[in-house]
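Comments concern the structure below.
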Amino acid sequence: MAYRLTMVGTGYLGATTSACMAELGFEVLSLDVDAEKISRLQAGDLPIYEPGLEEILRRNLANGRLRFTTSYEEAAAFGDVHFLCLGTPQKPGEYAADVSYLESAIESLAPYLNRECLIVGKSTVPVGTAQHLADKLARLAPIGSGAELAWNPEFLREGFAVKDTLHPDRIVLGVASDRAEKIMREVYASMLEAGTPMVITDYPTAELVKVAANAFLATKISFINAMAEVCEAAHADVKQLSLALSFDDRIGGKFLNPGLGFGGGCLPKDIRAFMARAGELGADQALTFLREVDAINMRRRARMVDLARELAGGSFQGCTVTVLGAAFKPNSDDIRDSPALDVAVKISQQGGQVTVYDPVAQENARRAHPELSYGASALEAAQGAHVVLLLTEWQEFIDLDPEQLGAAVATRKIVDGRNALDSETWRAAGWHYRALGRP
Ligand code: UDX
């Protein structure tokens, strides 16, 4: 049977999953309470920057497999499988995640569920949320046990969201019945046939896999950044250290790039929510190391500001600083908890005249931080700069010609916040080149 799918929530996860599942041949109806977002998506206008996604969206709108709505009643009548793709942001002033969008999605959808269906949670949640939502669903759905819940965490990376959705490296599925497993095996049949490993488990394990994965990745980044701190103290070179470690295939080189550290909508909030939840469960000691992971990460930003100030001659007063990059990572327009913008704002608060340039995240940055100046290109942003900071490693920054940039700036001083440039080339062009964790 060809199941009909709905997506509840059309943010990063929901928009990507909607378009990709339609691309796989499913009929998809996607819902959001934000009518403006829905009309943009229905018009083929993707509100986020994600390579390759807009074409897939438009193709599947044109062939009629993908549609959008704001009506829960319509979604309930349409769908055999309802995916929950809602955000779980950090609560203001707390570490814990806010799961109220998931709660209200279930409260809005369940009363219309008059036919057998499966609800599949994809959001990143505190462990225990799935069981809580399953209980709520059982109380509210007229079809009773005919509406079931499964938990299927998503691991997609921004910038690679299409590939990660169509060709995931694993499928994790928390289920409470064989029926739910059977339905999901059919939904993911093409991926399973392609050999994608699937781990079938219970709700809490499935929920934990996601936060454990993000905690591990954050720990790996903070590990190498802690080594960078030691290298700075010992006049050693963390880039070479990281390279040497990477040849040990038990360690591997991925997520071992030292620099300004992690940001974005997932890693920072997920490790904090994980600590908060472990505390509620009485297992807080198990995760105290994540506090250190978070602290190491935040110290990199402070260190970057210090290094920039040092190059500025001890103070930012009267100093023009160019910040290359505003997105939390390249190939994204996402500025949530962006280390680059954080550094830009701190320098501006300390009296520096900051000009930012980002090839894609510029408008988002301008909206969030109108107090900063923005340049139309890297070269324009660098006009008259006393210090240049490379804070997001976009390829176009890596490809910058040190001579051309050198002609624009007032003084040839650069801090490579992502260890992305070839230091020899820049020094040979007369630049005072500094990087985090290197002599
Ligand atoms: C992450 C997870 O990778 C993904 O599986 C999950 O579903 C959501 O969270 P994402 O937030 O898109 O994805 O970004 P990711 O590519 O993981 O990068 C996170 C941050 O770590 C970025 O700020 C990046 O610049 C930084 N990073 C990454 C490093 O500082 N060093 C590295 O070696 C790798």
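All ligand and atom numbering here is 1-based and tracks the order in the structure.
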For atom 27 (N) of ligand 1, the closest protein heavy atom turns out to be Ile221 CD1, 3.4 Å
* To do: Any chance you could lay out the salt bridge (charged side-chain N to carboxylate O under 4.0 Å, His left out) test for Arg40 and Glu36, step after step, and finish with the verdict?
  => CA-CA 6 Å; Arg40 279 186 70 176; Glu36 195 198 316; 5.2 Å; no
re atom 1 (C) of ligand 1, the protein heavy-atom contact at minimum distance is Leu267 CD1, 3.7 Å
Shortest non-hydrogen pair, Ala327 vs Ala340, comes out as O-CB, 4.3 Å
Counting from 1 in the order shown, the ligand 1 atoms closer than 4.0 Å to a non-hydrogen atom of Leu256 are 33 (O)
among protein heavy atoms, the one nearest atom 34 (C) of ligand 1 is Phe255 CD2, 3.6 Å
Practice item. With Arg4 as the cation and Phe26 as the aromatic partner, state whether NZ or CZ is under 6.0 Å from the six-membered ring centre and within 45° of the axis. Key: no
Report task. May I ask you to check whether Asp98 and Ser100 show a side-chain donor-acceptor distance below 3.5 Å? Result -> yes
For atom 5 (O) of ligand 1, the closest protein heavy atom turns out to be Phe155 O, 2.8 Å
of all protein heavy atoms, closest to atom 2 (C) of ligand 1 is Asn214 OD1, 3.6 Å
Quick note on ligand 1: atoms under 4.0 Å from a heavy atom of Leu217 include exactly 3 (O)
### Message
Does the structure place the NZ or CZ of Arg157 under 6.0 Å from the centre of the six-membered ring of Phe160, at an angle of no more than 45° from the ring's axis?
### Response
yes
Ligand 1 to Lys210, heavy atom cutoff 4.0 Å, flagged ligand atoms 6 (C), 7 (O)
At under 4.0 Å between heavy atoms, what of Leu156 touches ligand 1? The answer is backbone
Among non-hydrogen protein atoms, atom 3 (O) of ligand 1 lies closest to Arg157 CG, 3.6 Å
Atoms of ligand 1 under 4.0 Å from any heavy atom of Glu154, numbered from 1 in the order shown, are 7 (O)
The closest protein heavy-atom partner of atom 9 (O) of ligand 1 is Cys266 CB, 3.1 Å
When distances are taken from atom 12 (O) of ligand 1, the protein heavy atom at minimum range is Glu158 N, 2.8 Å
ask   = Judging by distance only, is a nitrogen or oxygen of Gly264 under 3.5 angstrom from one on ligand 1?
value = no
- Query: What's the verdict on side-chain hydrogen bond (donor to acceptor under 3.5 Å, both in side chains) for Glu229 and Asn225, showing C-alpha distance, side-chain angles and the deciding distance?
  - Reply: CA-CA 6 Å; Glu229 285 188 30; Asn225 284 333; over 6 Å; no
Under 4.0 Å from one or more heavy atoms of Phe262, ligand 1 contributes atoms 20 (C), 21 (O), 23 (O), 26 (C)
Would you call the rings of Phe397 and Tyr357 parallel, tilted or perpendicular, taking 30° and 60° as the class edges? perpendicular
Candidates Lys269, Lys220, Lys329; heavy atom nearest atom 10 (P) of ligand 1 found on Lys329
To the nearest 0.5 Å, atom CZ of Arg367 lies from atom CD of Glu363 at 6.5 Å
